[in-house]
Amino acid sequence: MIPISRVDLGEDSIAMAVEVLRSGRLAQGAVVAEFERRFAEMTGCAHAVAVSSGTTALVASLEALQLQPGDEVITSPLTFVATLNAILEAGATAVFADVAEADFAIDPASVGAALGPRTRVLMPVHLYGQAAPMDQLMPIAQKHRLAVVEDAAQSHGATLNGKAVGSYGIGGFSFYGTKNLTTGEGGMVTTNDADLAERLQVLRNQGMRQRYEYVMAGHNYRLTDLQAALVLPQLDRYAANVSARQANAAALNQGLKGIEGLVVPQALPGRGHVWHQYTVRLTPEARLTREQFVEGLAEAGIGCGVYYPKVVFDYPVYLNHPRVQVCDVPVARRLASQVVSLPVHPALSSGDVAQIIAAVRRLLA
Ligand SMILES: *Cc1c(COP(=O)(O)O)cnc(C)c1O
């Protein structure tokens, strides 16, 4: 079986974790601080604040903006449920702009329809490892005085015109077990705003600035040194890891050319794609339905994933939620019905890639 994702912790990660275990200091300390320093450097941000998950990174980002009840956040309907849950957890109202077919991210042309007098935040999602069109989204945010929170959970190190995601607005990253960089569970907020960074540091630690000096009602959103120890060696190898993902994506694109009803993903000009997922689309011209295709891949021993089978609010719990605005998002609905992600991770051998190509061709060509 070729899995859709694989965690390959090196012996160096294991050794660092053992070192932390022997030190007797397991909670947030010097190793987390080192991780923050290096992640800020990697994303070209002045500050990085480690937190307990990608979800809490987004919640803390929104809370740090001090939103009021009724304030609206415009986000993407083609995303993991955490994006939406974070908005609701922060007490805001979720509104959706449609996405573009080329990059699966918020289409700048569709933001206008989602804007209203209560819109406070624009929250694009950098899906599958590719940056959203921040060069077009930032001017819209500036014009309407919106804060920008980037859901960069899938896109560590992705760039647009050389500038890393998470450095445009406030960046929220995840280090969950399947992400490009992992601590099992973990997250990071990046920002160039020193005051905001300070507020985030206080928010994640019970609202406490100094010992027993509480300046706001906070949380325990801390990451631990034990978790951070796992990821430091991964940072050393990350550029090579991304190159391997890019090479795998290029080989898949080459091998899957010209199949009726199959659309392969593209890195758009100017975007440094980190290929968290390699996501194809099955259009109505395809020989098989998506369900049949997924079944055929499983029989051929190839793991795959459907990210995501429906637009994020298309579940009764959200359709009936007073702080979710059900919006007209036809492109996102169509893409959600067509997407399938194939393995692209760096542990794939060239034989694995050939096997994936052969199986897809056999099923669809
Ligand atoms: C993984 C993910 C999150 C949430 O991250 P967790 O670390 O699992 O809380 C948020 N948004 C997107 C797009 C994700 O893929």
Engineer: Centroid-to-centroid, F313 to F96, below 6.0 Å?
Structural biologist: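 Distance test on ring centres: under 6.0 Å, yes.
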Engineer: Answer yes when E101 and R334 have at least one side-chain N-carboxylate O distance shorter than 4.0 Å, and no when they do not.
Structural biologist: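 Yes, E101 and R334 are salt-bridged.
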Engineer: Between F173 and F39 (judged by ring centroids, cut-off 6.0 Å), do the two rings come close enough to count as a pair?
Structural biologist: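 Yes - the distance between ring centres of F173 and F39 falls below the 6.0 Å cut-off.
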Engineer: Is it true that H156 and F175 have ring centroids separated by less than 6.0 Å?
Structural biologist: yes
Engineer: Only pairs at least two apart or in different chains count here, so list each side-chain hydrogen bond (donor to acceptor under 3.5 Å, both in side chains) that has a residue in residues 223-234.
Structural biologist: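 Of all non-adjacent pairs touching residues 223-234, those that pass side-chain hydrogen bond (donor to acceptor under 3.5 Å, both in side chains) are T224-Q227.
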Engineer: If two hydrophobic side chains count as joined below 4.5 Å and joins carry through other members, does L252 share a cluster with V280?
Structural biologist: yes
Engineer: Is the shortest distance from a Lys or Arg side-chain nitrogen in D12 or R237 to a carboxylate oxygen in the other one below 4.0 Å?
Structural biologist: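 A salt bridge links D12 with R237.
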Engineer: Verify side chain to side chain contact (heavy atoms under 4.5 Å, CB included) between L84 and T75, making sure each step is shown before the conclusion.
Structural biologist: CA-CA 8 Å; L84 173 52; T75 193; 5.9 Å; no
Engineer: Consider only side-chain N and O atoms of Q28 and R222, and report whether a donor and an acceptor are under 3.5 Å apart.
Structural biologist: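 Side chains of Q28 and R222: no pair found under 3.5 Å.
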Engineer: Rest of the hydrophobic cluster containing Y214 (Ile/Leu/Val/Met/Phe/Trp/Tyr, side-chain heavy atoms under 4.5 Å)?
Structural biologist: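 Traced through the cluster, Y214 reaches M208, Y212.
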Engineer: Please find the pair of heavy atoms, one from V165 and one from A152, that lie closest to each other, and give the distance.
Structural biologist: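 It is CG2-CB, 4.0 Å.
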Engineer: Looking only at the side chains, is there a donor atom on one of Y238 and N180 sitting less than 3.5 Å from an acceptor on the other?
Structural biologist: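 A pair is found: one side chain offers a donor N or O, the other an acceptor, under 3.5 Å apart.
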Engineer: We want to know whether S341 and T279 form a side-chain donor-acceptor pair, criterion being a heavy-atom distance below 3.5 angstrom.
Structural biologist: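 Result is yes, a qualifying pair exists.
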Engineer: side-chain contact (heavy atoms from CB on, under 4.5 Å) with L223: which of T56, T183, V51?
Structural biologist: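 Of the listed options, the one satisfying the test is T183.
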Engineer: Counting distance only, does the side-chain N/O of S155 pair as donor-acceptor with the main-chain N or O of G129 below 3.5 Å?
Structural biologist: yes
Engineer: For residues E291 and T289, is any side-chain donor paired with an opposing acceptor at under 3.5 Å?
Structural biologist: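 Side chains of E291 and T289: no pair found under 3.5 Å.
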Engineer: Could you name each residue pair satisfying side-chain hydrogen bond (donor to acceptor under 3.5 Å, both in side chains) that touches residues 166-176, not counting sequence neighbours?
Structural biologist: K163-S167
Engineer: For the pair E63 and M216, evaluate side chain to side chain contact (heavy atoms under 4.5 Å, CB included) and give the outcome as yes or no after the intermediate values.
Structural biologist: CA-CA 11 Å; E63 281 195 4; M216 62 181 83; over 6 Å; no
Engineer: Is the backbone N or O of T178 less than 3.5 Å from a side-chain atom of T182, with the two atoms forming a donor-acceptor pair by type?
Structural biologist: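 Side chain of T182 to backbone of T178, a donor-acceptor pair under 3.5 Å: no, none is there.
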Engineer: May I have the step-by-step check of side-chain hydrogen bond (donor to acceptor under 3.5 Å, both in side chains) for T283 and E285, ending in yes or no?
Structural biologist: CA-CA 5 Å; T283 66; E285 292 72 44; 2.8 Å; yes
Engineer: Going by an N to O cut-off under 4.0 Å, is there a salt bridge joining R333 and D98?
Structural biologist: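 No.
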Engineer: Could you list all the side-chain hydrogen bond (donor to acceptor under 3.5 Å, both in side chains) pairs where at least one residue sits in residues 136-148, not counting sequence neighbours?
Structural biologist: none
Engineer: Tell me the salt bridge (Lys or Arg N to Asp or Glu O under 4.0 Å) pairs involving residues 126-139, sequence neighbours left out?
Structural biologist: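 Residue pairs passing salt bridge (Lys or Arg N to Asp or Glu O under 4.0 Å), neighbours aside: none found.
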Engineer: Is it true that H126 and E150 share a donor-acceptor pair across their side chains at a distance under 3.5 Å?
Structural biologist: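 Indeed, the side chains of E150 and H126 share at least one donor-acceptor pair under 3.5 Å.
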Engineer: For residues 83-97, which residue pairs qualify under side-chain hydrogen bond (donor to acceptor under 3.5 Å, both in side chains), counting only residues two or more places apart or in two chains?
Structural biologist: T79-T83, T83-D151, N85-Y318
Engineer: Yes or no on side chain to side chain contact (heavy atoms under 4.5 Å, CB included) for Q266 and N253, after CA distance, side-chain angles and deciding distance?
Structural biologist: CA-CA 8 Å; Q266 301 295 342; N253 273 1; 4.0 Å; yes
Engineer: What do the steps show when you test V73 against R120 for side chain to side chain contact (heavy atoms under 4.5 Å, CB included), and what is the final call?
Structural biologist: CA-CA 6 Å; V73 178; R120 286 283 316 277; over 6 Å; no
Engineer: For L268, does its backbone N or O pair with a side-chain atom of Q130 as donor and acceptor, under 3.5 Å?
Structural biologist: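 A pair under 3.5 Å: yes.
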Engineer: Is it the case that the side chain of Q246 and the backbone of W275 share a donor-acceptor pair, with hydrogens and angles ignored and the cut-off at 3.5 Å?
Structural biologist: no
Engineer: Can any side-chain N or O of N320 pair as donor or acceptor with the backbone N or O of V317 at less than 3.5 Å?
Structural biologist: no
Engineer: For L256, which of V360, V263, I356 qualifies under side-chain contact (heavy atoms from CB on, under 4.5 Å)?
Structural biologist: V360
Engineer: Is R37 salt-bridged to E34, going by a charged N under 4.0 Å from an acidic O?
Structural biologist: yes
